[in-house]
Amino acid sequence: MYASISENIKILVIGDVLGKAGRRAIKDHLPDLMDLHQVDFVVANGENLAHGFGTTEAVANELFDVGVDVLTNGNHCWDQRSFLEHIDEDDRYVRPMNFTPFAPGRGWTVQVTPAGYKVAVINVIGQVFMGSWDCPFAAVDQAMAEIPDDVHAVLVDMHAEATSEKMGMGWYMDGRASFVYGTHTHVPTCDEIIHASGTAYQSDVGMTGSYQSIIGMKVEGALKRMVERLPQRFEAVERGASIFATLVTIDPSTRMAEKIERIYVPPT
Ligand SMILES: [Fe+2]
Ligand SMILES: [Fe+2]
């Protein structure tokens with residue numbers, strides 16, 4: 001079922017990349033991070049790439065050009081309407097598997113590393129405080145049934161608000177996925193662990209964007225909206241981004257994780 005290759009696969013997972021500040025941080029630092037840690041494969045969440053709201057071909061290419069292999073998504077997936085057309089043109093994009101059957105795009109993809117390892121990336125969205133989506137647990141089962149048996153690693157981006165629901169997914173996939181991780185809250189958690197049957201888990205990888213903000217947005221407008229309960233424009237903070245990411249080392253013969261390590265690059 002699995003290829004008999006003895007070396008490891010090192011995968012860098014980046015959470016929600018927010019706007020110009022987040023994109024700039026990735027462009028400035030990702031090539032060096034990849035060299036330093038001998039990274040084979042990079043996944044990032046792209047739901048906030050375009051000034052905080054969705055993805056366009058142009059902003060996605062900024063990340064693909066510097067080493068990102070796959071962009072996952074989330075509740076902001078269709079904020080840029082052009083992405084409804086564009087997503088089907090490139091299989092490096094995934095969107096939540098448990099969107100409705102009418103959604104364009106795909107819920108999982110398999111891409112190949114330079115060394116020839118096949119990496120599957122699945123994206124699901126939670127149900128708690130996220131809207132009425134289909135069951136993410138049934139969706140990952142469906143994805144696993146569809147994904148070819150010869151992949152060397154399986155990543156699950158669980159885009160969700162509730163930590164408990166994300167933890168549930170981590171245990172649900174233990175022994176089946178290489179790494180189950182949360183995105184969406186824009187705050188990194190320090191609960192990285194390798195579960196009993198070998199699946200790495202972290203509740204949220206965290207935002208790559210400015211933390212002098214409210215989840216990446218300028219404080220003034222976001223705070224005014226909370227206090228006054230009147231409409232306000234949300235604007236992304238455009239400079240001073242930190243990178244939060246997580247590096248997972250995977251044994252391709254078992255697909256299971258050997259090591260999980262958080263990476264932090266402070267704002268420059
Ligand atoms: Fe986000
Ligand atoms: Fe989100």
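Computed from a predicted structure; not experimentally measured. Note that ligands are numbered from 1 as they come in the structure, with each ligand's atoms numbered from 1 the same way.
A perpendicular orientation is assigned to the rings of His184 and His186, their planes being inclined by more than 60° (bins at 30° and 60°).
Here the angle centred on the Fe ion (ligand 1), running from OD2 of Asp16 over to OD1 of Asn48, is 100°, rounded to 10°. Take the Fe ion (ligand 1) as the corner point: the lines to NE2 of His186 and to OE2 of Glu47 open at 160°, to the nearest 10 degrees.
Not one N, O or S atom of His159 sits under 2.8 Å from the Fe ion (ligand 1). At least one N/O/S atom of Asn75, whether from backbone or side chain, sits less than 2.8 Å from the Fe ion (ligand 2).
Annotation: side chain of Leu71 is in contact with side chain of Leu63 (closest heavy-atom distance under 4.5 Å).
Residue Val70 is not grouped with residue Ile87 when hydrophobic side chains (ILVMFWY) are merged at heavy-atom distances under 4.5 angstrom, including chains of intermediate members.
A salt bridge links Arg176 with Asp141; the closest basic N to acidic carboxylate O contact falls under 4.0 Å. Between Arg92 and Asp69 no salt bridge is recorded (no basic side-chain N to carboxylate O distance below 4.0 Å).
Closest N/O/S atom of His184 to the Fe ion (ligand 2): ND1.
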